[in-house]
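What follows is a set of notes on a single structure, which appears directly below.
Convention: sequence-line order gives letters A, B, ...; per-chain numbering from 1. What you are looking at is a predicted structure, and each value in this text was computed from that prediction instead of being measured.
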Amino acid sequence: MDPDAVTRVTLALALALALAVLGAHPRVREWENRLGAPVLVAVGLPFLALGAIFASPRVGVLNAKVLEDLRPALDFGLGWMGFALGSRLDARRLEALPRALMTLLVAQTVVPMVLTALVCGAALTALRVGVADGLVRNVLLLCGCAAASAPVVASRFRRRHGGQAGEIVEEAAALDAIVSLATLGAVSVYLRPDASLTSWTLPPSAWLLLLAGLGAVLGLLAFFTVRGARTETEEVLLILGTVAISAGAAGYLALSGPVVCAIAGAVLANLPMDDRPGFRRLLGMVERPLYLVFLVIVGASWRVDEPEAWALALAFAGARVLGKLAASIVAAQAEPTLPRWRELAAISIPQGPVAIAVIVGAASLHGDGAPAAIRWATHAVIVGAFMSEAVARGLRRIPVPRGSG
Amino acid sequence: MTRSVLLLACVVALTLATRSFHPGDADVTGTGATLALGFVLLAAFYMGRLFHAIGLPHLTGYLLCGVVFGPGVAGILSTPMLEDLALVKRVAVGLIALLAGCELNLHALRPRIGRILTVGGAAVVCAVVFLFVFFYCAIPYVAATAAITGFPRVVLALMGANVLAALSPAVIMGILTETRAAGPLSETSLSIVVIADMFIVVTYALTGSLVGHAFPVPGGAAESVLRELSLHFGGSMAAGGVLAAVVTVYARRVGDRLGVFVFGLLFLVAEAGHSLHLDPLLTGLTAGLLIENASPLDGAAVVRRTEAATLPTFALFFTVIGAEVHLDTFARVALLAAIGAAARAAGLYGGARIGARLVGVDEALARRIPFGLFPQAGIALALANLVITGPYAWSREIGTLILGTIVINEMIGPVLFRIALQRAGEVGVRERWGTVTAAEDTA
């Protein structure tokens with residue numbers, strides 16, 4: 001590497017680190033909580049922009065070689081996010097929640113997904129993405145991203161209003177993320193990118209069983225390892241090791257790392273544990289810095305100069321917002337115990353961080369050769385997060401007439 | 001113990017099964033490193049527990065884990081996987097060195113610094129003399145150096161002695177952390193190895209330069225070795241200064257998740273420093289020393305708040321070090337290497353005892369200090385790697401001999417030091433750090 005490049009890389013990495021520090025500052029987090037905005041909207045943009053700037057040929061910091069070097073970090077980060085998400089899936093807690101949760105969840109996922117499938121399917125077809133180019137796969141991925149709501153907004157609602165309605169809304173936002181991951185899992189099983197990635201040729205149903213089985217086995221492994229930890233330091237090592245081996249094993253089988261890790265996390269969370277809150281705290285400890293660094297890597301493959309990407313972004317954001325609005329109306333009418341539809345819409349429209357993880361996880365299944373349509377989809381999901389937030393804020397500002405729903 | 005064996009077997013079986021899916025020509029860039037990272041962490045952890053159960057240090061378990069599962073024996077960890085883990089290894093070296101530096105309070109050491117320098121100095125000088133004699137006698141028995149005589153033979157022996165005199169702050173820190181040891185032996189051993197290794201790195205710049213003169217190669221590298229190593233030394237220390245300043249500012253202004261921040265900084269130092277030819281060991285050591293001695297921060301607090309990262313770091317670092325040992329290569333030089341290890345041990349033991357007698361160190365302590373000097377790992381391996389990849393006809397064979405000697409010291413040294421700590425009654429004295437860390441780090 002020539003001296004100029006070395007200086008550039010050093011300064012760029014230092015800048016990224018400085019920004020990560022800023023993003024982790026308690027005051028920034030306090031501001032973010034007060035704002036009630038998802039992390040991508042609140043503090044994520046500088047990281048995305050940084051990634052995009054670093055990847056530009058003039059700066060050349062995040063070039064193909066560096067991105068290849070960072071691939072293990074990306075795989076691990078995705079795995080960690082999946083594991084953390086899965087570990088929030090506590091069956092005992094879900095069983096204790098009322099029927100209204102199921103109504104809300106079904107409405108908040110199915111309606112936006114169907115609408116996104118229709119609109120984005122049409123948009124991609126208009127952009128000349130055929131079935132052979134992965135039309136079905138990309139539509140499914142965008143559907144999965146459309147389902148995800150921002151848990152931070154739902155948590156803010158629960159803190160402010162409390163009660164069962166608050167709990168239901170918060171739980172539904174967490175489960176939306178699981179639906180998103182499930183979509184990614186389905187894509188990695190039924191629409192596998194390349195049969196030559198593994199030495200086994202199996203029908204999709206066998207890959208599905210393999211995905212579930214691998215996740216469950218890794219979950220059991222996590223259970224037996226983590227419960228043997230004598231100190232918190234040992235617990236950190238064992239969680240790190242389990243997530244890395246899960247993400248790595250999934251990669252070897254060309255399955256989705258975040259999905260396998262989420263299954264492992266869910267299995268672990270539903271087995272008896274001595275210190276469940278401590279375990280969750282440990283998982284959360286590095287989740288935020290990982291996500292911020294992850295955004296820099298996402299930013300590196302973010303292309304803002306493609307008109308097709310902007311067209312798809314408009315289609316995705318529009319369909320998702322309309323879908324969430326319609327779902328809120330349907331759910332509020334069907335279940336009187338839920339908040340009013342405007343409140344529901346303002347909570348469910350902001351897009352959750354898992355959407356980016358899903359789309360990047362899908363891109364990573366292709367190794368270095370992700371097709372253009374996935375690049376456009378990534379752009380659509382990033383832009384969609386900002387557009388959704390704008391709509392949600394607009395909704396919150398409209399005064400609600402007394403007695404109206 | 002049964003539980004550890006079963007879980008280790010599960011991890012091995014799962015990794016082997018996973019790897020069987022992989023067609024030879026398919027690209028698993030990144031994934032291989034992620035799998036290797038998980039495997040190393042889990043396998044090393046259980047191997048360490050097994051060793052602990054039979055009264056041996058965890059660290060020896062980590063090393064043996066690397067040897068057994070590395071490319072030389074079972075092959076679960078392939079060479080490309082180890083190459084992919086190189087960055088993580090550099091981060092680990094930086095963290096270990098930073099922690100070692102944070103443990104050294106020069107103000108508290110001042111009353112004992114004369115004793116430390118005398119004992120350490122005498123040990124290293126004696127070891128260099130013994131090793132010089134060993135190399136001088138061994139050179140005719142190594143095929144590639146059999147014909148070397150006169151001044152070049154002296155220089156070659158001196159360079160070999162210099163490399164093998166290196167001690168190991170990483171191993172000492174690893175053993176002290178794992179045993180929670182504290183006391184005069186722990187403190188004296190750590191102080192000696194840190195100071196001695198800085199001295200070894202500086203002197204290697206000189207002996208490396210002498211080798212350049214004695215064995216000229218086309219391109220005239222003779223003069224540049226000294227300059228390059230001086231720049232490397234100065235640059236690494238300067239980077240350490242910057243690192244200390246940044247950590248101090250962060251701890252005072254932000255404070256939240258200091259452990260994660262320090263780890264991130266060391267990642268930056270490892271990535272950028274590799275391109276700038278900075279030594280993560282020197283950088284981390286300088287930073288740690290400055291944090292403890294020249295900043296308003298308490299080094300012990302920094303150690304406490306990065307403690308969550310230490311166990312994974314040690315496990316990863318020492319397993320990768322073990323995996324880099326090629327048993328077939330070692331077998332070829334085993335006899336000479338064993339003689340070399342014995343010469344080094346004799347030199348260190350004799351020198352330390354002489355030094356201790358000169359400054360009147362308590363007999364019980366004097367008897368045990370040499371055991372803290374036997375282990376070798378990071379810096380010695382780095383220097384051996386410089387030798388082995390050198391441009392000379394003898395580079396590979398002399399480098400292999402040096403490496404073989406280090407392998408013996410890295411396997412036996414930690415065991416002996418742990419026994420010495422147990423006999424000195426220093427094991428388990430230090431308060432456990434872990435429980436405070438996560439609470440402090442998670443806001």
Side-chain angles (χ1 to χ4, degrees), chain A residues 1 5-6 9-10 13-14 16-17 20-21 24-26 29 68-76 79 196-200 217-218 221 224-225 228 231-234 236-238 240-254 257 278 281-282 284-286 289 293 364 367-368, chain B residues 3-4 6-7 10-11 14-15 17-42 45 84 87-88 250 253-257 260-261 264-265 267-268 271-272 275-276 307-312 315 432-435 437-438 441-443:
Chain A
M1 201 186 277
V6 169
V9 169
T10 311
L13 289 172
L17 191 72
V21 170
H25 195 285
R29 289 217 313 276
E68 195 183 300
D69 284 350
L70 291 174
R71 183 72 198 276
L74 182 67
D75 281 352
F76 179 77
S196 70
L197 287 175
T198 63
S199 56
W200 280 22
V217 166
L218 289 164
L221 179 73
F224 285 113
T225 53
T231 62
E232 211 164 66
T233 312
E234 287 189 359
V236 169
L237 177 143
L238 292 168
L240 280 172
T242 308
V243 171
I245 210 167
S246 305
Y252 263 84
L253 272 68
R281 188 165 45 77
L282 275 181
M285 201 162 77
V286 288
V293 173
S364 73
D368 298 332
Chain B
R3 182 196 176 89
S4 296
L6 285 175
L7 285 169
C10 283
V11 171
L14 187 74
T15 311
T18 300
R19 290 196 57 189
S20 71
F21 279 84
H22 177 225
D25 55 344
D27 177 28
V28 283
T29 311
T31 299
T34 316
L35 184 75
L37 175 69
F39 174 77
V40 165
L41 287 174
L42 295 178
F45 177 78
D84 283 348
L87 176 64
V88 190
Y250 181 87
R253 299 271 171 184
V254 183
D256 183 44
R257 289 181 170 85
V260 177
F261 178 73
L265 265 182
F267 191 85
L268 170 66
E271 179 67 29
S275 310
L276 294 163
E307 209 250 347
T310 53
L311 184 62
R432 184 169 286 287
W433 297 322
T435 46
T437 311
D441 264 1
T442 313

Original post:
Of the backbone (N, CA, C, O) and the side chain (C-beta and beyond), which part of Ser4(B) lies under 4.5 Å from a heavy atom of chain A, both, or neither?
Top reply: neither
Subject >> Value rounded to 0.5 Å, distance of OG1 in Thr225(A) from CG in Leu7(B) >> reply: 7.0 Å
Original post:
Between Thr242(A) and chain B, which part of the residue has a heavy atom less than 4.5 Å away: side chain, backbone, both or neither?
Top reply: both
Subject >> Nearest heavy atoms of Tyr252(A) and Thr18(B), plus distance in Å >> reply: CB-CG2, 3.4 Å
Original post:
So what's closer than 4.5 Å to chain A heavy atoms on Ala17(B): side chain, backbone, both or neither?
Top reply: neither
**OP:** Show your working on side chain to side chain contact (heavy atoms under 4.5 Å, CB included) between Leu311(B) and Val236(A) and close with a plain yes or no.
**Re:** CA-CA 9 Å; Leu311(B) 184 62; Val236(A) 169; over 6 Å; no
Subject >> Region of Leu14(B) in contact with chain A, defined by heavy-atom distances below 4.5 Å >> reply: side chain
**OP:** Can you see which heavy atom on Thr34(B) is nearest to which on Gly248(A), and at what distance?
**Re:** CG2-N, 3.9 Å
Subject >> Test side chain to side chain contact (heavy atoms under 4.5 Å, CB included) applied to Leu42(B) and Leu221(A), step by step >> reply: CA-CA 10 Å; Leu42(B) 295 178; Leu221(A) 179 73; 4.2 Å; yes
Original post:
Of all of Leu218(A), Leu238(A), Val243(A), which one pairs up most often with chain B through heavy atoms under 4.5 Å apart?
Top reply: Leu238(A)
Subject >> Shortest non-hydrogen contact from Leu237(A) toward Phe45(B) >> reply: CD2-CB, 3.5 Å
